[in-house]
2 protein chains.
Amino acid sequence: MSTELSRFDHVRAVRFDDPVLLLLDQRRLPAEQVDLRCTNVAEVAQAITDLVVRGAPAIGITAAYGAAMAAQQRSGSGADFFSAWDADLSMLAAARPTAVNLAWAIDRVRRACAGLSVEDVVRVARQTADDIAREDLAANYAMAEMGAKLIAPSSGVLTHCNTGSLATGGLGTALGVVRAGVAAGSIDRVFAAETRPWLQGARLTLWELMQDGIAVDLVADGGGAWLMSQGKVQWVIVGADRVCANGDVANKIGTLAHACAARQFGAKFMVVAPWSTVDMDTASGDLIEIEQRDAAELLAYGESRAAPANASAYNPVFDVTPAELVDVLVTERGLIHAPDAAKIALLAG
Amino acid sequence: MSTELSRFDHVRAVRFDDPVLLLLDQRRLPAEQVDLRCTNVAEVAQAITDLVVRGAPAIGITAAYGAAMAAQQRSGSGADFFSAWDADLSMLAAARPTAVNLAWAIDRVRRACAGLSVEDVVRVARQTADDIAREDLAANYAMAEMGAKLIAPSSGVLTHCNTGSLATGGLGTALGVVRAGVAAGSIDRVFAAETRPWLQGARLTLWELMQDGIAVDLVADGGGAWLMSQGKVQWVIVGADRVCANGDVANKIGTLAHACAARQFGAKFMVVAPWSTVDMDTASGDLIEIEQRDAAELLAYGESRAAPANASAYNPVFDVTPAELVDVLVTERGLIHAPDAAKIALLAG
């Protein structure tokens with residue numbers, strides 16, 4: 001783990017303080033820094049649904065600790081343990097529909113515990129949650145170093161949503177590469193798109209980078225294309241909620257627009273995602289269920305209502321960028337230029 | 001003027017109620033419908049700067065009435081009339097940097113009044129302002145009919161910012177085409193991008209269309225590309241703050257991103273602008289001064305602050321879409337497919 005890089009990595013979104021799961025409440029950032037204390041699995045699932053914690057890897061880590069917590073709490077329930085715990089896992093898995101890491105983390109805990117005694121399930125579930133968190137952090141450091149090597153000196157970068165320490169086990173995926181590029185001196189200027197409707201860029205990415213003294217300019221989501229046309233951005237660097245077996249990428253709404261502009265103006269488009277985000281069971285992006293959220297999120301801005309009363313909105317919160325618009329996919333297993341099904345299958349092994 | 005179409009055209013942004021200029025205060029829509037009463041030219045210029053009125057054609061009409069009002073008020077100042085009025089016109093012209101209609105309207109009043117007596121200046125300035133308003137409305141009806149004829153049945157459209165009655169002398173430019181397409185039954189679904197940072201789409205376009213019973217869905221600015229990739233939008237229809245002699249189009253930030261996505265996914269991109277917006281003296285988009293506004297506009301909305309204290313933002317409020325991404329330019333003089341310098345010069349005559 002690079003010492004230089006760890007100087008840019010102070011925030012942790014998810015902390016298990018046995019028997020309580022502490023989630024830095026991202027709905028309240030940047031105004032307030034408050035932990036939500038989850039003491040049972042229903043609270044953990046609700047926190048995921050309510051966006052207290054967001055970002056695919058952080059959701060996975062949270063769910064794994066929720067599963068471990070549930071095992072501990074169910075361990076006195078005798079013969080009902082396995083059915084009760086199974087229902088807990090199903091509830092966690094249903095908390096958000098799009099992030100593959102959620103299902104992946106639950107499955108990993110379930111597999112690790114298969115055939116074990118109740119006592120061993122409690123121990124192994126906790127150990128698996130710790131492993132998921134630790135491996136995610138290590139993957140981010142590896143991806144950051146790999147991705148940053150691609151960035152030429154004096155580059156400007158644009159990132160979308162929040163893919164940093166708040167969204168992961170630490171450092172971040174796309175934001176990890178941004179941090180590593182800043183640490184290496186190759187990135188001169190960082191732009192963060194505000195990321196409507198939930199404003200993860202304005203609220204979270206700015207806050208995170210400012211904690212570490214990294215200069216960043218907020219831009220309107222629609223402004224990315226203009227930055228690229230003016231030569232101010234050489235790399236668009238984003239995370240992923242799901243990478244399909246063919247390299248199609250589901251990510252926060254607005255990602256696809258940046259990808260189209262990058263192709264038009266010759267900027268490069270980098271997707272940074274841990275291997276847990278790669279879903280080999282989903283052949284292509286058209287098979288992904290895109291989460292639609294409440295119109296109200298779009299009709300207002302924080303406490304300020306923008307749209308007229310009774311207005312309608314269409315609020316898909318993810319989009320799918322086709323693999324042909326992705327210049328490079330960075331995972332902890334290695335990076336793939338111009339990703340496609342064959343190259344991803346090779347890395348899948 | 002189409003009776004059918006005029007059923008969709010109730011709002012007026014600028015009304016001269018001699019000697020007062022009434023501006024529907026667009027900063028307060030949609031929550032409140034309040035007129036700002038301007039009683040002198042300084043108030044008119046300030047209203048333009050402060051975005052009480054916005055939209056290139058509406059700004060031009062407002063400035064023309066401001067010039068007429070100034071002539072009336074200066075008419076008792078004797079020998080100083082011409083220098084004082086000239087200073088008034090310069091103040092008006094400086095109220096916003098990007099909109100070509102502002103300079104165009106002032107110049108038209110100035111030319112119409114050149115060499116006249118003070119008494120005649122007062123009369124002709126007022127007459128010219130009335131002409132500008134009336135001609136703009138007529139141009140919008142003509143453009144609406146022309147543009148709508150291009151739209152095949154069962155089309156979805158996406159528009160950006162507000163280009164409707166609030167932005168013009170009435171009906172609107174791009175929104176006039178949308179209204180005509182709805183009236184003709186060819187447009188099935190209308191999406192309005194919210195248009196950060198000032199949210200003209202969410203606040204104004206929704207309000208306008210809802211006044212006329214036209215169904216519209218708000219979408220995030222970054223969501224346009226996703227709509228196009230999903231086949232939900234066949235036409236992106238936007239206005240312009242300035243069209244260059246080569247067909248490059250300056251318009252609200254975010255327009256260029258939609259244009260890139262339209263090209264990527266095969267949607268068509270239509271620019272609707274009165275001839276007064278065409279600036280034959282600006283050869284291409286790289287010569288346009290792009291207005292940068294206060295970072296605070298992007299860091300918050302209304303009472304809701306999103307970004308951390310002391311955060312930075314880069315807030316260019318226009319972008320330039322190169323002519324090669326424009327499928328059709330609609331003006332009241334006719335429409336141009338794949339506009340370029342030669343075709344525009346022909347229409348300029």
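As a basis for the values below, the full set of heavy atoms in this structure was taken, side chains included, without hydrogen atoms, waters or symmetry mates.
In terms of non-hydrogen atom pairs under 4.5 Å with chain A, the most contact-rich of B:A257, B:P322, B:A202, B:G224 is B:A202. For the set B:H160, B:H258, B:R203, B:K252, the entry with the most heavy-atom pairs within less than 4.5 Å of chain A is B:R203. Listed options B:P308, B:G222, B:A225, B:G254 were ranked by heavy-atom pairs under 4.5 angstrom with chain A; first place goes to B:P308. Your options are A:C260, A:A295, A:A259, A:A311, and the one with the most heavy-atom pairs under 4.5 Å with chain B is A:C260. When each of A:A220, A:G302, A:S304, A:A192 is checked for heavy-atom pairs under 4.5 Å with chain B, A:S304 comes out on top. Ranked by heavy-atom pairs under 4.5 Å with chain A, the first of B:V216, B:T195, B:L199, B:N315 is B:V216.
Going from atom CG of B:D221 over to atom CD1 of A:I253 covers 11.0 Å, rounded to the nearest 0.5 Å. The distance from atom OH of B:Y301 to atom CZ of A:R305, rounded to the nearest 0.5 Å, is 10.5 Å. Interatomic distance, B:Y314 OH to A:L227 CG, rounded to the nearest 0.5 Å: 6.5 Å. Once rounded to the nearest 0.5 Å, the distance linking CD of A:E194 with CZ of B:R196 reads 4.0 Å. For the atom pair CD of A:Q230 and CG of B:L256, the computed distance is 9.0 Å after rounding to the nearest 0.5 Å.
Interface residue A:L206: backbone and side-chain heavy atoms are both found under 4.5 Å from chain B. Contact of A:K232 with chain B is made through the side chain alone, with heavy-atom distances under 4.5 Å. With a 4.5 Å cut-off on non-hydrogen atoms, B:L325 touches chain A through its side chain but not through its backbone. In this structure, chain A has a heavy atom under 4.5 Å from the backbone of B:A309, while its side chain stays farther away. Looking at A:V320, both its backbone and its side chain come within 4.5 Å of chain B, counting heavy atoms on both sides. Proximity to chain A (any heavy atom under 4.5 Å) is shown, for B:A31, by neither the backbone nor the side chain.
No more than 12 heavy atoms of other residues, nucleotides or ligands sit less than 6.0 Å from atom CD of A:E303.
Between A:D319 and B:S229, every side-chain heavy-atom pair lies at or beyond the 4.5 Å cut-off.
In terms of the side-chain contact (heavy atoms from CB on, under 4.5 Å) criterion, residue partners of A:R27 (sequence neighbours excluded) are, by chain and number, A:D25, A:D50, A:V52, A:W198.
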Scan the side chains in residues 263-272 of chain A for donor-acceptor partners under 3.5 Å anywhere in the protein, sequence neighbours excluded, and list what turns up.
unit_1	atom_1	unit_2	atom_2	d
A:R263	NH1	A:E324	O	2.9
A:R263	NH2	A:E324	O	2.9

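Across every non-hydrogen atom of B:S312 and A:D217, the tightest pair is CB-OD1, 3.2 Å. Of all heavy-atom pairs between B:L299 and A:L218, the closest is CD2-CD2, 3.8 Å.
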